[in-house]
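Everything on this sheet refers to the single structure shown next.
Everything numeric in this text was worked out from a predicted model, so none of it was measured.
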Amino acid sequence: MASPTSSGTNTSVNHPYIPSTDSEREEMLGVIGVDSLDGLLGDIPVEHRHPALKLAPGLSEQELSTVFGSIAAENASASSGYISFLGAGAYSHYIPSTVRSILQRGEFVTAYTPYQPEAAQGTLQVGFEFQTVICQLTGMEVANAGMYDGPTAFAEACLMAARVTKRTKVGILSTADGRLPETLVAYSKHQGIDIVEIEPDATDIPDDLACIGIQSPNFFGEIEDVERLTKLAHDNGALSVVHVNPTALGMFKAPGEFDVDIVTAEGQPLGVPMAFGGPYVGLFACKKAHIRQMPGRIIGRTTDTKDRTGYALTLQTREQHIRRERATSNICTSTQLIGLMVTVYAATLGKQGIKDLANLCYQKAHYAASEINKLNGFTVDALATGGTFFHEFVVSCPSSASSINADLLDKKIIGGLDISDRSENGMLVCVTETSSKADIDKFVKALSEIGASS
Amino acid sequence: MASPTSSGTNTSVNHPYIPSTDSEREEMLGVIGVDSLDGLLGDIPVEHRHPALKLAPGLSEQELSTVFGSIAAENASASSGYISFLGAGAYSHYIPSTVRSILQRGEFVTAYTPYQPEAAQGTLQVGFEFQTVICQLTGMEVANAGMYDGPTAFAEACLMAARVTKRTKVGILSTADGRLPETLVAYSKHQGIDIVEIEPDATDIPDDLACIGIQSPNFFGEIEDVERLTKLAHDNGALSVVHVNPTALGMFKAPGEFDVDIVTAEGQPLGVPMAFGGPYVGLFACKKAHIRQMPGRIIGRTTDTKDRTGYALTLQTREQHIRRERATSNICTSTQLIGLMVTVYAATLGKQGIKDLANLCYQKAHYAASEINKLNGFTVDALATGGTFFHEFVVSCPSSASSINADLLDKKIIGGLDISDRSENGMLVCVTETSSKADIDKFVKALSEIGASS
Amino acid sequence: MTISTNVGDIDRRLLMDRSVSGRKAFTLPESDVPSQDLPDSSFLRDDVELPEVSQLEVIRYFSVLSQLNFSIDTNFYPLGSCTMKYNPKINDELSNLPGLADIHPLQPDDTVQGAIRLLKDLQDDLGEITGLPGVSLAPLAGAQGEYAGLLIARAYHEAKNDSKRTVAIVPDSAHGTNPASAAMAGLEVVTVRSDDQGNVDVDNLRELANENTAVFMLTIPSTLGLFEPNILEITKIVHDSGGLVYADGANLNALLGLVKLGDLGVDICHSNLHKTFSTPHGGGGPGSGPVMVTDELAKFLPKPVAIKTDDGYAMGTPEMSVGAINGFHGSFSIAARAYAYIKALGLEGLQSVSENAIISANYIQAKLRDKYNLAADRYCMHETVLSATKQKKRGVAGLDIAKRLLDFGIHAPTMYFPLIVDEALMVEPTESESKETLDHFIAVMRQIDDEIDASPELILEAPHDLPVTRLDEATAARKPVLRWSAE
Amino acid sequence: MTISTNVGDIDRRLLMDRSVSGRKAFTLPESDVPSQDLPDSSFLRDDVELPEVSQLEVIRYFSVLSQLNFSIDTNFYPLGSCTMKYNPKINDELSNLPGLADIHPLQPDDTVQGAIRLLKDLQDDLGEITGLPGVSLAPLAGAQGEYAGLLIARAYHEAKNDSKRTVAIVPDSAHGTNPASAAMAGLEVVTVRSDDQGNVDVDNLRELANENTAVFMLTIPSTLGLFEPNILEITKIVHDSGGLVYADGANLNALLGLVKLGDLGVDICHSNLHKTFSTPHGGGGPGSGPVMVTDELAKFLPKPVAIKTDDGYAMGTPEMSVGAINGFHGSFSIAARAYAYIKALGLEGLQSVSENAIISANYIQAKLRDKYNLAADRYCMHETVLSATKQKKRGVAGLDIAKRLLDFGIHAPTMYFPLIVDEALMVEPTESESKETLDHFIAVMRQIDDEIDASPELILEAPHDLPVTRLDEATAARKPVLRWSAE
Ligand SMILES: Cc1ncc(COP(=O)(O)O)c(C=O)c1O
Ligand SMILES: Cc1ncc(COP(=O)(O)O)c(C=O)c1O
């Protein structure tokens with residue numbers, strides 16, 4: 001009955017990841033009281049047991065390394081000599097050696113969620129440190145131990161605002177990254193949430209909004225007037241949800257200073273590789289008053305039976321494994337290890353480093369902007385309008401950004417993001433501390449050449 | 001008096017590697033009771049204090065990474081697309097991930113020599129495992145915890161043979177790597193040791209030899225008749241010192257089977273990167289009878305006050321820190337961490353892996369040899385003479401190996417070692433499991449093209 | 001505050017309490033561009049109060065903290081439903097290669113052909129393993145995979161204008177994420193009972209499945225570690241009612257190469273790459289929860305999916321996609337690890353994984369059933385659910401046994417889950433633990449049972465030698481302290 | 001055998017005792033070449049009895065073992081003369097870059113220009129720091145650097161046909177490697193006394209230095225942590241006698257940018273890159289012990305040295321080189337780490353290293369001198385040698401104090417060295433430890449002194465909580481067991 005791949009016999013493939021030997025398997029089956037593995041599979045419909053599978057045979061580690069070597073070689077990146085000016089939600093930053101070093105600690109990497117606090121004080125204390133770092137950065141009272149990523153954190157924040165205010169309409173600033181409302185739609189579409197667009201200069205908002213969702217710096221790199229918009233929200237009984245770029249917080253006022261209710265962010269810029277989009281970590285902080293509506297895992301401080309300080313998961317009654325369909329979120333496995341990276345990053349940069357970093361990014365982006373702005377046919381919008389920007393800025397190009405990008409690629413330059421859907425011939429250019437002046441100058445020169453010939 | 005770089009003030013540069021702040025320094029100087037650092041330097045002749053130094057200013061970590069990126073990019077290697085057929089004492093082998101993973105454990109990397117055994121059981125138990133692995137591989141009774149590298153281990157073995165036999169003449173086989181006698185000369189030249197060359201087919205040796213030093217596989221990759229030569233040594237009251245390639249021991253008879261007295265080896269092939277020549281680890285094993293003449297660190301098993309097993313440095317009275325000028329060697333800091341790599345490597349490959357590895361190297365080298373031997377103008381000496389070889393073999397080329405190598409380099413091939421000083425137009429070619437058939441075929445094709453055009 | 005451990009006393013102060021003004025662990029390069037004007041100072045903040053410590057202190061602090069954890073690299077971790085197996089080191093290494101770690105998610109497809117090829121190949125393998133060929137790797141964990149699956153189910157019914165299907169039927173043994181995800185998807189959760197064998201009560205299901213049924217969520221094997229014997233009947237009942245069958249594939253480690261979910265009538269499933277496919281749990285993530293569906297449902301998959309084009313690979317959006325459930329393409333470097341795992345094992349290796357996982361669990365069950373009650377007294381799949389009811393009567397709860405195990409360097413099993421089993425201790429050894437380790441666990445579990453009579457305080461006060469004893473979790477929740485603050 | 005630690009009981013069996021026939025942790029690729037004939041079976045061996053364990057077991061075994069160590073990454077390690085400072089992680093990383101880790105030592109110079117440039121640049125920096133511009137990076141550790149230096153001294157005298165110079169004068173406080181290296185170099189070791197201040201007894205030196213003197217070996221600062229106040233007089237005496245001055249630079253951490261050895265009349269010195277230049281000690285190596293000499297002596301340096309050529313860099317052999325003291329070019333990847341360290345600190349950073357190392361040592365000395373005797377009651381350089389003679393009288397030896405420190409997570413100081421100090425405890429804090437750590441050490445040292453009267457058994461039986469208590473080292477040496485064997 002069994003197909004050719006059947007293992008009616010008890011010999012399994014001997015593999016470095018599987019210690020049991022044939023004779024041990026034989027012995028165990030004997031103890032269990034069956035002749036063969038199939039004796040244990042009685043509940044699986046026999047006609048479907050041991051199906052044929054089209055999968056390649058296993059590789060040795062050396063062969064696997066060769067396979068990955070070719071895969072990596074098919075990608076263009078800094079390590080293959082490209083320079084890049086992409087941002088728009090994922091940023092190239094230098095990651096300190098301390099982060100990589102601590103990330104190699106198997107005790108962190110291969111532990112589970114700390115359900116047994118006595119056996120997980122390492123993970124737990126790091127999580128507590130993470131919550132502290134997020135509070136310090138955002139100026140907020142409390143933070144959770146991390147969400148999946150920035151957009152899901154933002155979506156969950158809007159849903160939380162709806163729970164807190166018992167309202168179902170969410171306003172999102174028109175200048176936000178399209179990924180934020182897009183994720184919110186997917187997260188909320190069956191929960192009766194309406195999403196409306198709010199202009200950043202709005203002086204009036206619907207009076208039934210659960211929150212205004214503000215991204216600042218916004219998608220175009222510009223700082224929004226969070227203070228005014230938060231006041232506007234509060235005047236209308238709505239919450240203010242602000243999605244920040246955490247690097248910018250080394251320099252720009254923290255949302256906590258503006259009485260913001262919930263702050264979210266993509267944590268990737270804080271020491272996490274870009275890695276084609278993930279895994280990242282969503283940052284989530286809010287006012288203490290809303291703590292029991294917060295989604296995600298939370299770590300608290302307490303004491304043991306000998307009165308020594310210890311840390312444990314807390315407020316678990318919000319979570320799905322206790323409250324099931326009435327939980328504040330379905331999130332379970334989250335991003336603890338990426339939180340570790342953020343925590344080590346923050347500890348490494350420290351008070352002075354985060355400031356220096358923000359300044360350096362600011363200097364480089366502004367230098368690039370002013371040089372590009374000098375080029376014939378290219379205009380930097382923010383320089384024209386006097387907007388304050390960080391990390392990135394919109395360049396209006398003489399032709400479509402994608403056609404320019406194609407030419408740039410020939411020069412081993414990955415240009416800024418084509419945002420023609422939001423701004424005519426717009427290119428969103430990002431510059432961080434990882435771009436040297438030489439890189440920027442090369443980019444500017446290339447743009448000028450391409451501009452001239454188009 | 002102090003030069004411009006003086007720090008008559010107490011402000012030092014604040015650096016990530018140096019925690020003390022200005023105010024802490026001030027406070028500490030106050031406790032010490034001096035006004036400034038210079039108050040502590042009274043013993044340094046004042047005219048020589050604070051000299052001018054031509055050193056560059058410090059770099060940030062990001063800058064340092066850039067500097068190293070350029071340095072690495074100036075070297076040609078597998079990672080930049082070259083294939084190589086160099087051996088002759090350092091070998092390209094695949095290093096399993098387990099080795100690199102364990103090598104990242106700071107507790108191993110940043111510990112000192114285990115003088116406090118209670119606080120160093122990790123290092124000590126690993127060292128004991130290392131000694132075990134070396135004994136198992138070589139078939140010898142005891143091993144030490146490692147020497148600097150292969151050639152120094154060999155030199156120390158010959159000196160030890162001199163101590164054991166109380167003789168001062170050392171015979172070395174003419175087929176040995178020149179690095180072995182060369183290092184022995186540097187190690188022994190002021191100790192009245194004479195070195196004589198012995199032919200591998202000698203049936204007679206001087207009767208005052210301390211030892212015969214045999215490399216097998218020899219410099220040319222060929223297996224020597226260790227059994228016969230050992231008997232010859234013993235018949236003349238000399239010891240037999242055999243320098244092996246540890247990878248070959250996965251397949252070829254262990255020296256222990258031939259009653260050899262001391263075995264040494266370069267441990268690099270066992271999981272250690274080639275790294276332009278070091279650090280490596282010298283392997284050193286001998287008969288139990290000679291244990292107290294053995295150089296280097298030795299780890300022994302014992303028990304604690306609660307009768308639990310523990311490990312500690314032992315037989316330290318042989319060592320320089322106790323016996324000073326009468327020590328068996330001056331070696332102090334040795335190669336414990338490289339020994340860890342070897343140990344993890346051996347544990348990972350295990351009984352089957354070391355066998356498979358030796359076989360794979362054998363297959364590839366013999367395939368390459370037979371293909372090259374088919375080429376016009378190229379002869380593989382060992383195939384001509386019927387010698388048994390491992391890893392490497394001598395190719396007699398139509399012209400000098402260096403001229404051929406220059407042409408190979410244009411094709412991104414690093415050819416075998418030019419050994420024209422030992423064999424006319426000789427090239428010592430090495431092939432291990434890291435060369436694919438495609439690499440070998442490419443090499444053979446290139447040789448044939450170059451041979452045809454020369 | 002200090003604790004004593006095998007590296008002597010350990011100082012557990014937080015970083016902010018170690019901070020000294022002026023210390024640093026890092027320096028940024030000097031700016032190499034001409035100085036730019038700063039924005040108006042009204043925009044600018046004061047210092048961010050992050051810790052000021054030296055680089056050594058950063059390394060030492062986190063290194064020491066790490067040693068306070070149990071982990072797969074250091075301990076046996078038989079945590080049921082979590083599949084704490086060996087996380088191959090080569091996978092971490094390969095997924096961090098330059099060229100994989102440093103590519104930007106918005107790079108043009110033609111500059112990331114290797115990355116997309118990897119994703120496409122992994123999609124195909126997961127489709128093949130589950131028998132559900134439509135795959136999106138977007139979901140960032142199992143729960144997001146569930147949610148994506150439910151969105152697909154809803155989209156499917158909507159596409160048929162079948163708007164009254166707003167009920168998710170969920171077994172009482174289900175993991176909490178199932179009902180929570182259903183609620184997020186706007187579905188009403190209706191619970192189907194388990195029978196006394198731990199199976200779905202088929203009669204009860206038949207009563208519940210009707211024209212309102214959007215989806216039936218079944219964990220296969222179930223959270224009791226059992227394969228549903230009536231699976232074909234169950235999927236038929238649901239299909240006959242017009243609903244879809246969703247399989248929670250968190251327990252896929254039992255099924256590799258032994259059975260394909262698609263063959264059983266499952267329409268949608270997710271898999272936790274951080275369980276079956278060995279990517280590290282990281283102390284609670286990151287994970288990855290790909291969603292797999294039938295060909296028919298593939299057009300609804302969340303975006304993006306990797307596709308093969310005429311001249312290479314591209315990231316694409318399915319025709320009627322339920323949209324983006326997160327920022328970019330899912331957990332790429334987790335996917336890369338899972339890919340490496342599948343390639344390293346290959347077909348026969350994957351089969352061997354499940355075979356050995358099943359044998360190990362049954363072996364433990366056979367060796368402990370005289371001392372501990374079983375949630376279901378029949379052969380299990382990759383995990384066995386013990387019930388400490390007999391021990392409870394003698395004064396020691398499942399929790400206490402779990403804590404006592406820690407003293408032996410063994411992580412606790414999953415406790416009090418599934419909810420339908422009293423004093424549940426869910427034990428999942430996985431295929432990557434040796435028989436010797438299983439025997440040690442068995443011996444310890446038997447010893448603990450003996451200790452109940454001989455020296456119960458050993459159990460009730462456990463753990464003894466860890467960095468902390470049992471913690472006051474009630475106070476932690478009542479008066480939450482969630483961050484450092486200057487005191 | 002198990003021990004209890006902060007991750008529960010730990011199993012310390014050796015790998016061979018864990019071995020199970022048929023298990024494996026690794027597979028080799030299949031051969032891709034046509035099958036080749038094997039040699040005659042008389043050449044071939046039976047199996048090599050290496051352990052057979054799974055890959056997880058390899059990782060777990062070594063990970064758990066690592067946790068039994070003290071290390072810089074986890075503990076304060078004030079081990080005098082060893083300079084246990086922070087080992088920057090970036091240096092490990094950079095030295096392992098592909099392009100550095102995978103180059104073969106025999107590659108043609110033009111394929112390794114980056115590597116040779118690094119070596120040349122490091123040679124220059126070390127020459128500048130010591131004021132001795134001739135540098136070879138060949139020596140593999142300090143002791144080999146010493147030996148190389150002595151070979152150079154001998155070659156120098158030989159080149160002058162001065163064959164009767166066969167004496168090395170060595171202070172009684174010298175490290176054991178000094179006399180051992182001298183003996184290897186065929187020199188007769190003559191000991192010069194220290195005076196009651198811990199300085200070289202200049203009169204005694206004057207008596208000893210004569211036409212037989214090949215070299216005077218002086219450790220600067222001395223092993224008592226003192227800078228020799230009569231250094232200029234000493235070097236003059238030696239030079240006047242026709243001998244050379246060798247400086248053991250193991251303690252160079254005290255002198256960076258503060259004084260150049262070459263300016264003081266030193267002819268030859270070595271430096272331990274694994275001390276002053278922060279390369280990790282690795283539990284006992286690998287190290288690197290470059291030898292630095294005056295211009296005049298450069299032609300004798302051991303081979304190879306990196307040299308600048310017209311169009312790049314090359315590895316070369318000095319004109320009258322003492323030859324090859326090991327296989328290739330020294331510890332290249334250790335040199336790369338030291339290079340990274342020097343570049344990261346730069347001129348001012350290196351000065352700051354020594355300044356802070358000196359202040360920290362003096363601070364400890366100032367805070368402990370009322371409780372512990374000092375080997376020399378004056379300001380010290382980068383380390384202070386305490387003498388536990390007062391404690392010894394009260395029943396507790398230096399060794400006991402050292403062991404008791406372990407209980408507090410602090411590694412023991414160097415004990416019973418230098419030999420001329422009774423009950424020596426040599427404390428070297430290094431610049432990389434914070435004042436807080438120093439204060440903690442001071443407090444613990446004071447507490448231990450108090451414990452002598454209050455609870456001496458705490459000290460005499462220490463350490464208490466480590467994986468083992470004190471070991472029976474006598475039996476270990478009397479009946480050596482040096483390897484696993486089947487029992
Ligand atoms: C049965 C089951 N379903 C779903 C989940 C949720 O998966 P994740 O934690 O990846 O979100 C889990 C994980 O614990 C589980 O065990
Ligand atoms: C003063 C002194 N000289 C020489 C050495 C020997 O150096 P190495 O151990 O690198 O051989 C040491 C190392 O302990 C030392 O402290």
Side-chain angles (χ1 to χ4, degrees), chain B residues 12-13 19 24 28 32 40 43 48 55 57-58 68 71-72 74-77 79 86 102 105-107 109-111 113 118-119 121-123 132 148 151 186 190 253 273 275-279 300-302 304-305 310 314 320-321 324-325 327 330 333-337 348 356 366-367 388 437, chain D residues 25 28 32-33 36 39 45 62 65-66 68-73 94 97-99 101-102 104-105 111 113-114 140-141 143 176 179-181 183 186 189 227 229 263 280 282-287 323 327-329 331-333 346-349 352 362-363 434-435 466 468-469 476 481 483-484:
Chain B
S12 284
V13 169
E24 289 174 324
M28 290 194 276
I32 298 165
L40 300 173
D43 290 337
H48 295 304
L55 288 174
F68 266 77
I71 290 173
E74 287 167 28
N75 301 323
S77 70
S79 51
L86 279 173
I102 295 301
R105 304 271 326 158
E107 298 94 323
V109 176
T110 71
T113 302
E118 302 87 347
Q121 286 296 301
T123 294
T132 300
Y148 292 138
H190 298 292
K253 278 203 170 135
F276 204 43
R301 187 164 74 194
T302 183
D304 75 358
T305 59
T314 193
Q320 41 69 30
H321 65 283
R324 302 177 75 82
E325 62 268 28
N330 70 335
T333 292
S334 179
T335 51
Q336 197 71 37
L337 196 70
T348 302
D356 291 348
H366 281 72
Y367 169 71
T388 300
K437 178 167 181 300
Chain D
L28 272 294
D32 58 356
V33 298
Q36 308 289 312
R45 81 186 284 175
F62 289 102
L65 278 187
S66 78
L68 307 184
N69 269 5
F70 279 33
S71 69
I72 279 295
D73 278 7
L94 295 176
L97 282 177
D102 65 354
H104 190 285
T111 67
Q113 285 293 296
L140 292 170
S181 299
V189 175
F227 194 90
D263 291 352
F328 296 110
H329 316 139
S331 284
F332 173 71
S333 60
L347 174 59
E348 296 195 321
S352 180
N362 278 284
Y363 177 67
S434 68
K435 176 168 175 300
L466 298 194
V468 290
T469 56
V481 180
R483 54 175 291 194
W484 172 90

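- Contacts of B/Thr314 with chain D are made by side-chain atoms alone, with heavy-atom separations under 4.5 Å and no backbone atom involved.
- For the pair B/Ser79 (side chain) and D/Gly99 (backbone), a donor-acceptor distance under 3.5 Å is present.
- Note: B/Asn330 leads B/Asn330, B/Leu337, B/Thr305 in heavy-atom pairs under 4.5 Å with chain D.
- What you find for B/Lys253 and D/Arg45 is that their closest heavy atoms are CA-CB, 3.7 Å.
- Of the listed residues (B/Gly300, B/Pro273, B/Gly122), the greatest number of heavy-atom pairs within a distance under 4.5 Å of chain D belongs to B/Gly122.
- With chain B as the partner, the residue from D/Pro98, D/Ala101, D/Gly323 showing the most heavy-atom pairs under 4.5 Å is D/Ala101.
- Looking at B/Ile102, the atoms closer than 4.5 Å to chain D (heavy atoms on both sides) all sit in the side chain, from C-beta outward.
- Options D/Pro286, D/Gly186, D/Ser434 differ in how many heavy-atom pairs under 4.5 Å they form with chain B, and the most are formed by D/Pro286.
- If you measure heavy-atom distances from B/Pro151 to chain D, the contacts under 4.5 Å come from the side chain alone.
- The two residues D/Ala183 and B/Glu325 have their closest heavy-atom pair at CB-O, 3.3 Å.
- Heavy-atom pairs under 4.5 Å with chain D were tallied for B/Thr388, B/Asp304, B/Leu55; the largest tally goes to B/Asp304.
- Taking D/Gly346, D/Pro229, D/Gly327, D/Gly283 one by one and counting their heavy-atom pairs under 4.5 Å with chain B, the maximum is reached by D/Gly283.
- Contact tally against chain D (heavy-atom pairs below 4.5 Å) for B/Ala186, B/Ala111, B/Gly277: the top residue is B/Ala111.
- Looking at B/His321, only its backbone comes within 4.5 Å of chain D, counting heavy atoms on both sides.
- Distance CD/B/Glu118 to CZ/D/Phe70: 9.5 Å, rounded to 0.5 Å.
- Listed for the D/His329 side chain is a donor-acceptor partner under 3.5 Å among the backbone atoms of B/Phe276.
- Using a 4.5 Å cut-off between heavy atoms, D/Leu97 touches chain B through its side chain atoms alone.
- Judged purely by atom type and a 3.5 angstrom limit, D/Asn69 uses its side chain to pair as donor or acceptor with the backbone of B/Thr123.
- At a cut-off of 3.5 Å, with distance as the only test, a side-chain donor of B/Arg105 or D/Ser66 sits close to an acceptor on the other residue.
- Checking side-chain atoms of D/Thr111 against main-chain N and O of B/Ala76 turns up no donor-acceptor pair under 3.5 Å.
- For the residue pair B/Asn75 and D/Gln113, the shortest heavy atom distance occurs at OD1-N, 3.5 Å.
- Using a 4.5 Å cut-off between heavy atoms, B/Ser334 contacts chain D through both its backbone and its side chain.
- The most heavy-atom pairs under 4.5 Å with chain D, out of B/His366, B/Arg324, B/Gln336, come from B/Arg324.
- Side chain of D/Asp102 to backbone of B/Ser77: no donor-acceptor contact under 3.5 angstrom is found.
- When heavy atoms are compared at a cutoff of 4.5 Å, B/Arg301 approaches chain D by way of both its backbone and its side chain.
- Your options are D/Asp32, D/Val189, D/Ile72, and the one with the most heavy-atom pairs under 4.5 Å with chain B is D/Asp32.
- Of the possible polar contacts, one joining the B/Thr110 side chain to the D/Asp73 backbone as a donor-acceptor pair under 3.5 Å is found.
- Between chain D and the residues B/Pro57, B/Ala327, B/Ala119, the most heavy-atom pairs under 4.5 angstrom are made by B/Ala119.
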